[in-house]
Amino acid sequence: MNKLTKVGLTALATTLVSSASFAGEMSVSGSASLSYTGLNTNSDVNPFAMGDSIKFNGGGDLDNGMTVSVYYELDGGTYDDYNLKLGMGDAGTLSFSGASSSGSGVDKLKDIVPNAYSAVYEATDGTDSGLIDSSGNNQTGQWGYDVSVGSVALSASYNPRGTAQGVKGDAETGYAIVYSGLMDGLELSAAYFDDGEEAENETYGFKYTAGSVTAGYQVTTVDYEATTSTDQDATHYGISIAVNEELSVGAGRQEIEFDGAADDEVNSGISASYTMGSIALGLAMNTMESKNGSATAKDVEATVLNVAFSF
């Protein structure tokens, strides 16, 4: 996606920080895209849709050596993602999420398994189970902090009023760590999420890249406090291969054990992406078996094809 226009932010920065000089810019980006999502369980719905997202990115340098950046996404006529970040050099980055775009804490590690276009649990239904934030993680009004020290990357998030579902509304905290100093190409990661009084979740795994091949493995536990909610134990693994500069392919599988359920939910799929100049193609074919661990649930098959034009 290319920049369409740039607007100076000097006047805005002077208003925000009267004692500091600031020069920055705001860029607007978008693309023309068309997608097809076919479901064997929803054949009566028109599978074609057009992309309707415009992204705004702004930022610049402060005279004290820090940097500031802001991001907004206008999606379907609504600002559904926006955040503000303050870069403090070696001291890390402090961020605030206005809505659903934190990128800090467990949001950074909820899915480390590689794919060529789309995760295996996408498109089959509207619920992503077996992830560390499956119980909640309200990112509206969430604070984040990220810092790297040598081969260790640390990330934390805090929301004084969590649980987007509104069940409890207690504070949510998340912590994540990635270590890349053991050997070239290998990343070890772990995260913990305290979802107020809703649940305590954790995940750990690794991702390894050797040449054009990247593989990942992740284990996640979602442990609800209420006995009326079903705990989840998930194992997720996958691989992606960059065949050349234009083509990548991938495959993966996720198995989720629901406490007390008859079967495990299984999500599996293959994906591919291809870039041809200013045209990008993405393909995913995913299958979900035994939804929520039900032995009688019908298998769901989803085929997603997207074409995007950059200009």
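One-based numbering along the sequence shown. Just so you know, these numbers use all the heavy atoms, side chains as well, and skip hydrogens, waters and symmetry mates. On a predicted model such as this, the values are computed, not experimentally measured, just so you know.
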[X] and [Y]: side chain donor to acceptor below 3.5 Å:
X: S268; Y: Q254; result: no
X: T296; Y: S294; result: yes
X: D233; Y: T221; result: yes
X: N57; Y: S29; result: no
X: E73; Y: S53; result: yes

CZ (F258) with more than 12 external heavy atoms under 6.0 Å: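 Yes, enclosed.
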Flag yes if more than 12 heavy atoms outside D90 fall under 6.0 Å of its CG atom; otherwise flag no.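 Open.
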Which residue, D107, N159, D81, forms the side-chain contact (heavy atoms from CB on, under 4.5 Å) with Q139?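 Passing option: D107.
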Does the salt bridge (charged side-chain N to carboxylate O under 4.0 Å, His left out) test come out yes or no for K108 and D146, once each step is laid out? CA-CA 10 Å; K108 189 176 292 293; D146 297 84; 3.5 Å; yes
Residues Y192, E200; criterion side-chain hydrogen bond (donor to acceptor under 3.5 Å, both in side chains); working and verdict: CA-CA 8 Å; Y192 170 79; E200 292 187 14; 3.2 Å; yes
Evaluate the side-chain proximity of E172 to N138: yes if any heavy-atom separation is below 4.5 Å, no if none is.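 Yes, at least one pair of side-chain atoms sits under 4.5 Å.
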Say whether, by atom type as modelled, one donor and one acceptor occur between the side chain of Q218 and the main chain of T203 under 3.5 angstrom.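 Side chain of Q218 to backbone of T203: no pair is present.
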From CG (D231) to CD (E225), nearest 0.5 Å: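 Those atoms lie 10.5 Å apart.
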Indicate the ring-plane relationship of Y121 and H236, choosing parallel, tilted or perpendicular according to the 30° and 60° boundaries.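 Answer is perpendicular, since the angle exceeds 60°.
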